[in-house]
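Heads up, the thing below is written out as structure tokens.
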Amino acid sequence: MLLEQMIVLFLLMGVGFICYKKELITDEVSKKLSSIVVNVANPALVLTACMGEEKIRGEELFTTVIIMFIMYPALLVLASFLPGLLRIGKNTRGIYRAMTVFSNIGFMGFPVITALYGNGALLYATPFVIIYNVLIYTYGVASIRGKREAKSGKGSLTLAGMLLNPGMISCIITIVIYLINVPVPAFIQTTVTYLSSLTAPLSMMIIGASLAVMDVKSLFTDGKLIIFSVIKLLILPVGGIFIIGRFVENPVILGVCMVMLATPVGSMNAMLAQQYGGDYETASKGVALTTILSVATMPLIALMML
């Protein structure tokens with residue numbers, strides 16, 4: 001299942017690569033597509049997290065929320081000093097911070113969770129997805145823009161802009177619907193689901209298009225990016241699961257946490273970088289390299305949990 005999912009990712013990137021070479025996707029088109037992903041498709045994906053009839057409650061919800069409120073602050077702390085330890089340049093540190101925190105938990109994580117534990121396990125992933133998107137549209141955007149872009153006014157973003165952008169609005173709506181169990185009409189669910197399904201193909205095609213103008217060999221010669229990938233894909237999930245496993249006995253919750261931590265860098269990092277004037281090339285390389293390496297690292301971590 002994991003291998004099949006990787007093949008799908010690579011094929012989508014390949015389509016984007018070919019489209020760029022054939023001039024069906026240009027730099028301007030790529031930016032427009034990124035805007036659609038950031039402002040339409042991904043907010044719709046966020047909303048799908050609250051539209052299932054079943055939701056976890058009681059002790060299981062409490063356990064999941066406690067883990068979530070420990071795990072993400074820990075990731076934010078790690079992101080604050082890891083770029084410095086790797087001696088990443090100041091103009092690129094924001095991208096590395098975002099890549100540390102935000103993984104590909106939607107398109108890759110959800111299918112893996114389903115394959116390992118069944119559809120019911122996705123209920124445990126829903127709270128993670130909600131807080132993930134709250135953070136990516138606030139902390140993520142701020143980190144990716146960086147001080148240089150903020151001073152120049154490129155991709156200008158105020159506090160109101162951070163709280164009232166489509167991504168944050170969808171997060172707020174999702175939280176309200178989830179907590180008070182607001183019924184959503186079937187035609188709305190269908191519309192939102194259709195829009196959310198654009199996220200994965202468009203984002204991976206855009207990554208593929210970026211590779212068309214990039215020296216692919218540089219993915220495997222960038223020492224700092226390789227070290228980061230090892231930390232991101234091996235050390236972080238192994239250490240995180242070891243600690244969480246000391247306090248959580250539920251194997252499904254533990255497995256969901258493993259997938260949340262072990263998935264590669266999320267493509268939204270690159271989409272936001274292009275949208276807000278961040279280091280798009282580094283973000284694209286991070287997505288591509290960690291996705292390739294995760295073919296080996298994710299099964300290895302899953303085997304360690306057996």
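Everything numeric here is computed off the predicted structure, so don't read it as measured data.
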Any donor-acceptor N/O pair, Arg93 side chain to Ile88 backbone, under 3.5 Å: yes
Closest heavy-atom pair and its distance - Pro237, Ile301: CG-CD1, 3.4 Å
Spatial distance of atom CE (Met271) from atom CD1 (Ile144) [nearest 0.5 Å]: 10.0 Å
Separation of Ile169 CD1 from Thr174 OG1 (nearest 0.5 Å): 11.5 Å
Any Asn104 side-chain heavy atom under 4.5 Å of Val265 side chain: no
Flag side-chain contact, heavy atom, 4.5 Å: Leu233 against Thr290: yes
Which atom of Val37 lies closest to which atom of Thr199, heavy atoms considered: CG1-CG2, 4.3 Å
Under 3.5 Å: donor-acceptor pair, side chain of Ser170, backbone of Ala44: no
Pairing residues for Ala200 by the side-chain contact (heavy atoms from CB on, under 4.5 Å) criterion, not counting sequence neighbours: Phe107
Side chain proximity check, Phe10 to Met204, heavy atoms < 4.5 angstrom: no
Test log, rule side-chain contact (heavy atoms from CB on, under 4.5 Å), inputs Val259 and Ile105: CA-CA 7 Å; Val259 174; Ile105 65 175; over 6 Å; no
Shared hydrophobic cluster, Val101 / Leu45 (ILVMFWY, side-chain heavy atoms < 4.5 Å): no
Derivation and outcome, side-chain contact (heavy atoms from CB on, under 4.5 Å), residues Leu78 and Leu236: CA-CA 10 Å; Leu78 177 63; Leu236 177 58; 3.8 Å; yes
Phe102 and Tyr132 aromatic ring geometry - parallel, tilted or perpendicular at 30°/60° bounds: perpendicular
Spacing of CD1 belonging to Ile95 relative to CG belonging to Leu272, to within rounding of 0.5 Å: 8.5 Å
Shortest non-hydrogen contact from Val182 toward Val176: CG2-O, 4.3 Å
Linked, directly or transitively: Val295 and Leu11 (ILVMFWY side chains, under 4.5 Å): yes
Closest heavy-atom pair and its distance - Ala262, Met298: O-CG, 3.5 Å
Residues which pass salt bridge (Lys or Arg N to Asp or Glu O under 4.0 Å) with Asp222, listed by chain and number, not counting sequence neighbours: Lys285
Flag side-chain contact, heavy atom, 4.5 Å: Ile241 against Cys257: yes
ILVMFWY network linking Ile231 to Phe228, side-chain heavy atoms under 4.5 angstrom: yes
Working for side-chain contact (heavy atoms from CB on, under 4.5 Å), residues Ile292 and Phe220: CA-CA 11 Å; Ile292 293 170; Phe220 302 96; 4.1 Å; yes
Hydrophobic cluster identity match, Ile206 and Leu24, side-chain contacts under 4.5 Å: no
Set of side-chain contact (heavy atoms from CB on, under 4.5 Å) partners for Pro73, sequence neighbours left out: none
Hydrophobic cluster membership, Ile131 vs Ile244, 4.5 Å side-chain cutoff: yes
Worked verdict on Met268 versus Ser203 for side-chain contact (heavy atoms from CB on, under 4.5 Å): CA-CA 7 Å; Met268 276 296 292; Ser203 62; over 6 Å; no
Spacing of Thr100 atom OG1 and Leu86 atom CG [to the nearest 0.5 Å]: 8.0 Å
Heavy-atom side-chain contact between Asp27 and Tyr20 under 4.5 Å: yes
Check: Thr26 side chain, Val29 main-chain N or O, donor-acceptor pair, under 3.5 Å: yes
pair Met205-Met13: side-chain heavy atoms closer than 4.5 Å: no
Closest non-hydrogen atom pair, Leu289 against Ser229: CD2-OG, 3.5 Å
Side-chain heavy-atom pair Ile177, Val184 within 4.5 angstrom cut-off: yes
Expected output: side-chain Thr282 to main-chain Asp279 donor-acceptor under 3.5 Å: no
Polar side-chain atom of Lys232 near backbone of Met99 as donor-acceptor pair, under 3.5 Å: yes
Check: Ser197 side chain, Tyr194 main-chain N or O, donor-acceptor pair, under 3.5 Å: yes
N/O donor-acceptor pair under 3.5 Å between Asn42 side chain and Val38 backbone: no
Close side-chain approach of Thr63 and Asn250, heavy atoms under 4.5 Å: no
From Ile227 atom CD1 to Ile235 atom CD1, the distance as rounded to the nearest 0.5 Å: 10.0 Å
Non-hydrogen atoms of Val77 and Phe81 that approach each other most closely: O-CD2, 3.2 Å
Distance (rounded to the nearest 0.5 Å) between Met71 CE and Ile66 CD1: 13.5 Å
Polar contact flag, side-chain donor to acceptor under 3.5 angstrom, Ser30-Gln274: yes
